[in-house]
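Step one of this worksheet: look at the structure below.
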Protein chains: 2
Amino acid sequence: MDEQPWNRQRLRSNNEWLLLEHLRNAAPASRAQLARVTGLSKPTVSSALAALEQRGLVREAGTALPERGRTAVLYEPDPTAGYVLGIDIGRARLRAAVADLSGEVLSRIDVPNTGRTAAALADAAARAAGKVMDSADVSADRVVHAAVGTPGVFDPEDGRVRYAVNLPGWGRAGLFDKVREQLGGSALELSVHNDANLAALGEYAFGAGRGSKLFVYVLIGTGLGIGIVSHGELFTGAHGAAGEVGFLPLSLGSPELLRHGPRRGALEEAVSADAVVRTARELGMTGRLTAKRIFDEARAGTPAAVAAVRQESERLALVVAAVSAVLDPDLVVLGGGVGRSTDLLLAPVRAALHQTTPLRPALAPSELGDNAVLLGAIATALRSARPRVFNLPTNQTHAS
Amino acid sequence: MDEQPWNRQRLRSNNEWLLLEHLRNAAPASRAQLARVTGLSKPTVSSALAALEQRGLVREAGTALPERGRTAVLYEPDPTAGYVLGIDIGRARLRAAVADLSGEVLSRIDVPNTGRTAAALADAAARAAGKVMDSADVSADRVVHAAVGTPGVFDPEDGRVRYAVNLPGWGRAGLFDKVREQLGGSALELSVHNDANLAALGEYAFGAGRGSKLFVYVLIGTGLGIGIVSHGELFTGAHGAAGEVGFLPLSLGSPELLRHGPRRGALEEAVSADAVVRTARELGMTGRLTAKRIFDEARAGTPAAVAAVRQESERLALVVAAVSAVLDPDLVVLGGGVGRSTDLLLAPVRAALHQTTPLRPALAPSELGDNAVLLGAIATALRSARPRVFNLPTNQTHAS
DNA sequence: AAAGTAAAGTTAAATTCCTTTACTAATGAC
DNA sequence: GTCATTAGTAAAGGAATTTAACTTTACTTT
């Protein structure tokens, strides 16, 4: 129940929003269908739809012949009513994409992250965004919202990123203001989010997490983080740091870790990609080791690699078990660089989980892979953009 | 934004609800005040208030003289519009209370839990509830909602309680239906909740958790559980088992626990009241040991007791650290039998937390103590009852 | 081919609830 | 007693909804 007074204008606006949402779920639809399904009367639907069409939020989408009777005029949301921008600032790569309001990606770009300084990185991100907007032929003033994904926790109070240990200088203030200015529109809203959170939302909106009640996405790569989506909403905690499981104080059964006692970021060090490499080296593997190579060798049966992977999966299982005990998710998705090797990880994690706790969420591999963060940024931008476009005073619609 | 059509009746009803909520926060208030603060016009407030008064939801509450001008008639919610029942089925004691819609407890009872069987226990609970209703002079048909707290996880699908390891036979189906029948009203709604969750809500509504954005209540006693309140709403997970941290797979640095590897309920065994007793015994204490006695001896300086308490607090710190890393709460409250000894636990837990993680929630002792679950049940029942009373077709009001 | 039927959509009237404006009522200050 | 100020009411007007009747269109039946 609401905290604002309901006058008639708000009532009208609400019913228009209701119709728009219905159309998003079941487009195209005729006025009569909408009246039946929303419970509104036919005249109300007609006039609301006319208003929506005038504002450029809805458009005709052909006709349909019912079994008997007059042909119906169909309507759908107009995806060109606005556009959104998603930017994924990863430690290794930089990605950006433009999508219309229906969520369709019109253009995307994926370049190596060569930024040596934070300022150069911000600049490169803005340029990449400019490029996708160009190639999608979308001008800056038509972009309603841009969502940026980055490691660490963004504090909207002072505009800084905290806990971004792998990006030097990335904690400086004002970086994102500069990106916004460079993108052009002062009308442009720009929001910054944790990458694991965005990946979770992406996987929830477009991937393996669809329909889950409480969905946990585990991002294992250079770092370790989880994103939590509860009933479709991101769960961020009191300061936006929920899911920073790198700080879990698990002793993890390793005598070496135990000797030093619990300390900061212990788990992150134990589960991230570097940890796999370190373990493999300790077990006797040599040469230029990467997590990817170790997983490949494990598939081929190299004993040291197999052992390293087993240790990794055991530790991962502890993370999943700990998160499950606290949150009780119905689905846990593994993603990120290491998470991609789910063929090797899923079964042992599942087995370990069965030994530890009766709370057994379904385990699944990521469906979106490397695109999770980017698509999550798009999904997040859409969430902000759709109400914003709807509430825009007089949609300065282009001629149609 | 909503999923239902907004006709005029719903608009009216919404504005009435809005006024009622405002009155609950700032009663008593005059019509003019309400108009100013809600943004509704004075005539609307007048007519809505008249309707509310006619339905028995609101009543006059004297008059007030403004600095200048005519005397104002004040209104307040009528607390006698309905009553709620809270029942706390604890492992050791049985508690029940009746409150009016304002949340004021009119009568309460607290008896030892002597039930040998689940059926006898259910019967005793119903009888205790009957007694408080009698002594508060509230008939069963005026009770709108009853909330029951119990260990374990209640599954509303089949009406059973799971994971209630300390109450024999408590997993049987139909137990709560019988309680409801015994209480009388078929109109009576009865809901069943986990005790840690209720304690959390109680502490959030009436105690130390007020105003917290993300609040965690740790219930340490015969068992171990946490309740999570996120932005005023209980966080229950996908199957209602969120916060069952007894299943946390922490190895806890104890070689003994490590030898067996992680297993089910390991943490619960390590942190509950029994664990303190066990540790103290291993450390050489003898005689009839209870957790309470050990804490008392620790205060007196008995070395073995001091050591046992230190170990307990270290383990507890790991739980709090793990929960903090996953959830990022701004406040953690310790409650329950062992949690009551916060003078001994709080400082070491805080110190250990500082070593483990930069995410440092405020730590505080319970304010409600043994009443947390019962008051949480009242708070929960009120949440259900208030909208229900509001939506009751024609409040069959008693003569006033 | 004409008549019937059913569905889509429109029109017009009635209804409801809100706001605005203008008013009355009551009280302290002067 | 008058003025200023605040509380509350009454009447008028307006916005958005619903109901019910109507028109339009296309297929089906005879």
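Computed over heavy atoms, backbone and side chain alike; hydrogens, waters and symmetry mates excluded. Chain identifiers are assigned alphabetically (A, B, ...) following the order of the sequence lines, protein sequences preceding nucleic acid strands; residue numbering begins at 1 within each chain.
Between B:Ser107 and B:Ser135, the side chains place a donor N or O and an acceptor N or O closer than 3.5 Å (distance only, hydrogens not considered). Inspection of the A:Arg12 and A:Ser47 side chains reveals an N or O donor paired with an N or O acceptor under 3.5 Å.
The closest donor-acceptor contact from the side chain of A:Arg388 to the backbone of A:His145 lies at 3.5 Å or more, if one exists at all. The main-chain N or O of A:Arg383 is never found under 3.5 Å from a side-chain atom of A:Arg386 such that the two would form a donor-acceptor pair.
The interatomic distance linking A:Leu49 (CG) with D:dA16 (P) rounds to 16 Å, in whole Å. At whole-Å resolution of the value, CG in B:Leu52 and P in C:dC17 are 13 Å apart. Computed from coordinates, the B:Arg36 CZ to C:dT19 C1' distance equals 18 Å when rounded to whole Å. For the pair A:Glu16 CD and D:dA16 P, the computed distance is 9 Å after rounding to whole Å. Between the P atom of D:dA16 and the CG atom of A:Leu19 lies a distance of 14 Å, rounded to the nearest Å. Distance, A:Glu60 CD to C:dA8 P: 16 Å, rounded to whole Å. Put simply, CG on A:Leu18 is 11 Å from P on D:dT17, counting in whole angstrom units. Between the NZ atom of A:Lys42 and the C1' atom of C:dA12 there is a distance of 14 Å, given to the nearest Å.
Between A:Ser41 and D:dT19, a side-chain N or O to OP1/OP2 separation shorter than 4.0 Å is absent. Within the structure, every side-chain polar atom (N or O) of B:Arg68 is placed at least 4.0 Å from both OP1 and OP2 of C:dA26. Phosphate contact (OP1/OP2 of D:dT17, side-chain N/O of A:Arg12, threshold under 4.0 Å): present. OP1 or OP2 of D:dA16 has not a single side-chain nitrogen or oxygen of A:Asn15 nearer than 4.0 Å. Phosphate proximity of C:dA7 to A:Arg31: absent, as no side-chain N or O sits under 4.0 Å from OP1 or OP2.
Nearer to the 5' terminus of DNA chain D, by closest-nucleotide assignment, is the contact made by A:Gly39 (compared with the other of A:Leu65 and A:Gly39). Judged by closest nucleotide on DNA chain D, A:Ala48 is the one of A:Thr71 and A:Ala48 placed further toward the 5' end. Remark on DNA chain C: of its neighbouring residues A:Ala72 and A:Pro43, the 5'-side contact belongs to A:Ala72, judged by nearest-heavy-atom nucleotide.
Out of C:dA8, C:dT19, C:dG9, the shortest distance to the side chain of B:Thr44 is found at C:dT19. Residue B:Leu11 has its side chain nearest to C:dC18 when only D:dT9, D:dT17, C:dC18 are considered.
A side chain to side chain contact (heavy atoms under 4.5 Å, CB included) with B:Val389 is found for one member of B:Val84, B:Asp78, B:Val144 and no other, namely B:Val144.
Within the nucleic acid shown, A:Ser30 comes within 4.0 Å of sugar-phosphate atoms alone, with no base atom in reach, counting heavy atoms only.
Evaluation of atom-type donor-acceptor distances gives no pair under 3.5 Å for the side chain of A:Arg70 against the base of C:dA7.
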